[in-house]
Amino acid sequence: MSGEISFDYLSSLADIEEMTLTAEEAVGSYALVKNGNIDVYHPPEGPYPMVIPCPGIKLLVNGRECTKPIPVSMEDTVQVETVNELRKGEWSVTVSPDGLQAILRTSPTVLLHRELPDLPPVRILNLAVVEREERQPPLTWNELMQELSRMGVKYGIDWEACYNGVKSCDVNKIVIARGIPAQPGKDGRVELLFTSNPKLPVVTKEDETVDFRKRYVFTSVDAGEVLAIKHRPEPGRNGTSVSGDIIVSPTPCDSILFAGEGTVLTEDGKRAIAVRSGRPTVSRRRNLVKVSVVTELVHAGDVDLTSGNIVFKGDILILGNVTENMFVESCQNIRIGGLVSCARVQATGSISIGGNVISSVITAGKAPDLLKRMLPQVHVLADGLHDMVMVIRQLLDHPDFKKEDIKGIGPLVKLLLEGKFYYLMDAAKNLNQQLRTMLQEMNDGDMEEFIRDVERVLVSFSLTVIDLSEIETLAQKARELEQNFAYLPSTESHVLASSIQNSTVIATGDVQVVGSGCYISQIQAGKKVSICGVVRGGKIQAGGDINVGELGSKGGATAKVVAGPTAVVTVGHAFENSVVLLGGKSYRFSREEKNVQLRLDKEGNLRFG
């Protein structure tokens with residue numbers, strides 16, 4: 001039965017409440033509720049008490065149901081009945097869209113019990129009820145099992161949750177069955193072993209002095225380095241729905257590793273290998289990963305404190321200048337569009353400089369390539385020292401040699417050097433001279449140490465040699481140096497510049513100056529030197545031919561040219577006191593000469609022509 005109160009009822013109630021009664025009028029006229037019954041009393045002449053019904057009860061006056069406020073008298077038969085209410089519960093079982101859960105939703109059955117409480121006597125009796133709820137589960141165990149069977153739920157049923165669901169008298173949402181979700185696999189991926197950033201800032205500690213010339217490290221790789229590794233996709237694991245169906249794991253995507261320019265893939269396609277030095281790059285398009293090696297690093301501006309030094313394993317192109325105290329190094333070639341001032345430029349390959357070289361050091365090639373010129377003298381020392389060791393051993397083992405008569409073998413060494421092994425002193429002196437003629441930037445520490453030891457033992461202090469082990473150690477070092485330099489691959493790295501001023505230029509190949517010339521500079525080339533302009537002061541040294549436009553100056557600094565015995569020296573205009581040293585033969589110009597060509601004949605004599 002609905003507990004709604006109609007508009008007419010509310011209007012009647014309002015009219016009654018407007019009735020104002022005095023205390024004298026209210027005495028002797030009343031209605032009350034006791035033990036569920038309504039008792040009425042009033043004077044014979046009235047007034048009569050009023051009874052106002054409420055929702056949840058049934059008011060009967062003389063057998064007629066009243067839903068509005070009504071006056072009652074003592075002659076009326078007034079009855080009140082409470083009306084209980086049953087609110088039927090609801091329940092449902094749903095399966096989630098992914099099939100992984102069966103969910104029981106319940107709303108309990110509610111039985112609403114109503115009782116009429118005792119009310120004191122009043123002129124206007126407002127009836128009211130006391131309600132009490134009784135809750136019951138909306139479903140039974142069998143009903144739930146039938147519904148699960150109808151819906152095909154048969155996997156992952158949580159029986160305890162089902163029991164709690166059918167016993168619940170609350171509004172609930174309970175998961176009564178759970179499937180196993182499919183485990184996705186891992187997509188294939190390509191792991192990069194280099195950073196895609198072309199340059200990285202150098203991190204310094206707080207207590208370190210910041211060198212702004214070393215601000216960045218440029219990303220580069222060598223040939224043979226592994227650039228990327230392909231990881232194949234890993235399959236996932238299938239799942240099971242609450243209906244027992246298999247949930248198929250999605251197929252993972254595979255990545256494609258593609259070898260771009262300068263790289264190759266291994267046979268299994270899992271690794272990308274650099275086949276040349278340079279800057280590694282990567283490009284991605286969907287699942288395709290392309291790895292390449294760019295051979296040239298292009299720097300658009302000047303090399304200065306803003307850019308920092310540039311050290312790169314591939315080619316370097318600098319469109320601007322290389323400024324004071326900066327350093328540029330490459331394992332390949334370097335091209336500089338502007339000038340180089342008070343800086344150092346070093347490359348394993350060739351170097352081309354569009355502008356002038358001023359108070360700088362330019363090095364092209366590897367030091368061992370120039371040191372290999374010393375190989376003949378090292379070979380002489382290695383064989384000669386070995387033979388000397390054998391002779392000294394024979395003498396020491398001879399019965400006529402009295403060891404007790406001498407302290408150390410110094411006198412014996414000096415005697416052999418003045419006799420059979422005289423050539424060893426000459427070889428040591430020549431080797432020392434060759435090392436001194438090399439520029440400091442190309443010196444080798446092992447070679448320097450060896451030559452110092454050879455000069456001490458064979459030339460300066462041979463009498464101080466105490467034990468044969470000193471000679472044996474020198475012989476072993478000579479053999480090691482000979483082997484190290486003999487099997488080094490040769491490279492010819494060239495230098496091309498506009499003009500060179502107060503600088504040092506070293507190249508294992510050719511040096512070519514196409515501008516005004518060289519001024520008070522040191523030039524050393526493993527092959528040829530060609531200077532179109534002038535050579536004012538300084539020294540030009542080459543393993544091959546030398547071609548100079550103008551050598552020396554009037555009253556200026558003396559210029560010197562040094563070449564090997566098979567070389568040809570050509571001078572367009574030579575000034576007085578200029579010097580040409582050709583295969584150990586020296587020629588000093590006593591007057592100005594033009595179109596001079598110098599060479600050695602078969603007998604080693606200096607010839608013009």
Side-chain angles (χ1 to χ4, degrees), residues 1-92 105-140 143 164-174:
M1 173 179 178
S2 172
E4 296 181 354
I5 300 176
S6 67
F7 177 77
D8 294 337
Y9 171 81
L10 293 175
S11 299
S12 301
L13 180 62
D15 293 339
I16 292 172
E17 288 178 344
E18 290 178 356
M19 298 179 182
T20 57
L21 299 176
T22 64
E24 291 78 12
E25 292 175 330
V27 174
S29 179
Y30 60 85
L32 60 84
V33 177
K34 187 175 182 180
N35 296 327
N37 298 315
I38 297 177
D39 293 336
V40 178
Y41 178 79
H42 58 83
E45 65 279 7
Y48 300 108
M50 299 289 295
V51 178
I52 303 174
C54 69
I57 66 169
K58 187 175 182 181
L59 177 62
L60 300 174
V61 179
N62 300 321
R64 183 172 61 88
E65 182 178 357
C66 297
T67 60
K68 296 180 181 180
I70 185 172
V72 293
S73 66
M74 297 173 59
E75 288 77 16
D76 293 333
T77 302
V78 181
Q79 295 176 307
V80 179
E81 297 177 2
T82 57
V83 180
N84 295 333
E85 183 180 349
L86 178 64
R87 299 174 184 171
K88 189 171 180 61
E90 296 179 348
W91 65 277
S92 65
R105 291 177 173 85
T106 61
S107 177
T109 296
V110 178
L111 179 60
L112 196 60
H113 298 276
R114 295 188 175 101
E115 296 179 356
L116 187 65
D118 292 347
L119 296 174
V122 290
R123 169 72 176 78
I124 300 174
L125 181 63
N126 285 292
L127 298 179
V129 294
V130 176
E131 295 181 344
R132 177 175 57 85
E133 283 189 355
E134 179 184 349
R135 295 192 173 195
Q136 299 176 352
L139 77 164
T140 64
E143 289 175 330
N164 292 335
V166 298
K167 293 297 182 181
S168 174
C169 294
D170 299 316
V171 177
N172 264 331
K173 176 183 176 181
I174 304 174

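This chain uses plain numbering: 1 for the first residue, then up along the sequence.
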### Query
Between Val40 and Leu32, is a side chain to side chain contact (heavy atoms under 4.5 Å, CB included) present by the stated rule, with each step listed?
CA-CA 7 Å; Val40 178; Leu32 60 84; over 6 Å; no
### Task
Mind running salt bridge (charged side-chain N to carboxylate O under 4.0 Å, His left out) on Glu90 and Lys88 for me, showing each step along the way?
CA-CA 7 Å; Glu90 296 179 348; Lys88 189 171 180 61; over 6 Å; no
#### Entry: CA sep, side-chain torsions, deciding dist, call: Ile38, Leu125, side chain to side chain contact (heavy atoms under 4.5 Å, CB included)
CA-CA 10 Å; Ile38 297 177; Leu125 181 63; 4.2 Å; yes
### Message
Please evaluate residues Thr77 and Val61 with respect to the criterion side chain to side chain contact (heavy atoms under 4.5 Å, CB included), reporting the C-alpha separation (whole Å), side-chain torsions for both, the decisive distance (0.1 Å), and the verdict.
### Response
CA-CA 6 Å; Thr77 302; Val61 179; over 6 Å; no
### Ile52/Ile124 under side chain to side chain contact (heavy atoms under 4.5 Å, CB included): CA gap, chis, key distance, verdict
CA-CA 7 Å; Ile52 303 174; Ile124 300 174; 3.5 Å; yes
Side-chain polar contacts of residues 127-139 - donor-acceptor pairs under 3.5 angstrom, sequence neighbours left out - could you list them?
residue : atom : partner : partner atom : Å
Glu131  : OE2  : Arg114  : NE           : 2.9
Glu131  : OE2  : Arg114  : NH2          : 3.4
Glu134  : OE1  : His113  : NE2          : 2.8
Glu134  : OE2  : Gln136  : NE2          : 3.4
Arg135  : NH1  : Cys169  : O            : 3.3

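Take Glu75 and apply the side-chain hydrogen bond (donor to acceptor under 3.5 Å, both in side chains) test, not counting sequence neighbours, and it matches Ser73. For Asn164, there are no side-chain hydrogen bond (donor to acceptor under 3.5 Å, both in side chains) partners two or more places apart in sequence or in a different chain. With sequence neighbours excluded, the residues that form a side-chain contact (heavy atoms from CB on, under 4.5 Å) with Asn172 are Thr106, Ser168, Asp170, Ile174. For Lys173, the side-chain contact (heavy atoms from CB on, under 4.5 Å) test picks out Ile103, Arg105, with sequence neighbours left out. Taking Leu60 as the reference, Lys58, Glu65, Gln79, Glu81 meet the side-chain contact (heavy atoms from CB on, under 4.5 Å) condition, with sequence neighbours excluded.
Among residue pairs with one or both ends in residues 50-72, none qualify as ring-ring contact (aromatic ring centres under 6.0 Å, His included); sequence neighbours excluded. Listed by first and then second residue, the ring-ring contact (aromatic ring centres under 6.0 Å, His included) pairs involving residues 44-64 are His42-Tyr48 (not counting sequence neighbours).
Put simply, the side chain of Ser29 gets close to the backbone of Pro47: a donor and an acceptor are under 3.5 Å apart. At least one donor-acceptor pair closer than 3.5 Å links the side chain of Thr109 to the backbone N or O of Gly89. With hydrogens and angles ignored, the 3.5 Å screen pairs a side-chain donor or acceptor of Asp118 with a backbone N or O of Asn35.
Here the closest heavy-atom approach between residue Asn126 and residue Leu119 is recorded as O-CD1, 3.4 Å. A pairwise comparison of heavy atoms in Val51 and Pro53 identifies O-CD, 3.7 Å as the closest pair.
Atom CG of residue Leu116 and atom CG of residue Leu59 lie 10.0 Å apart, to the nearest 0.5 angstrom.
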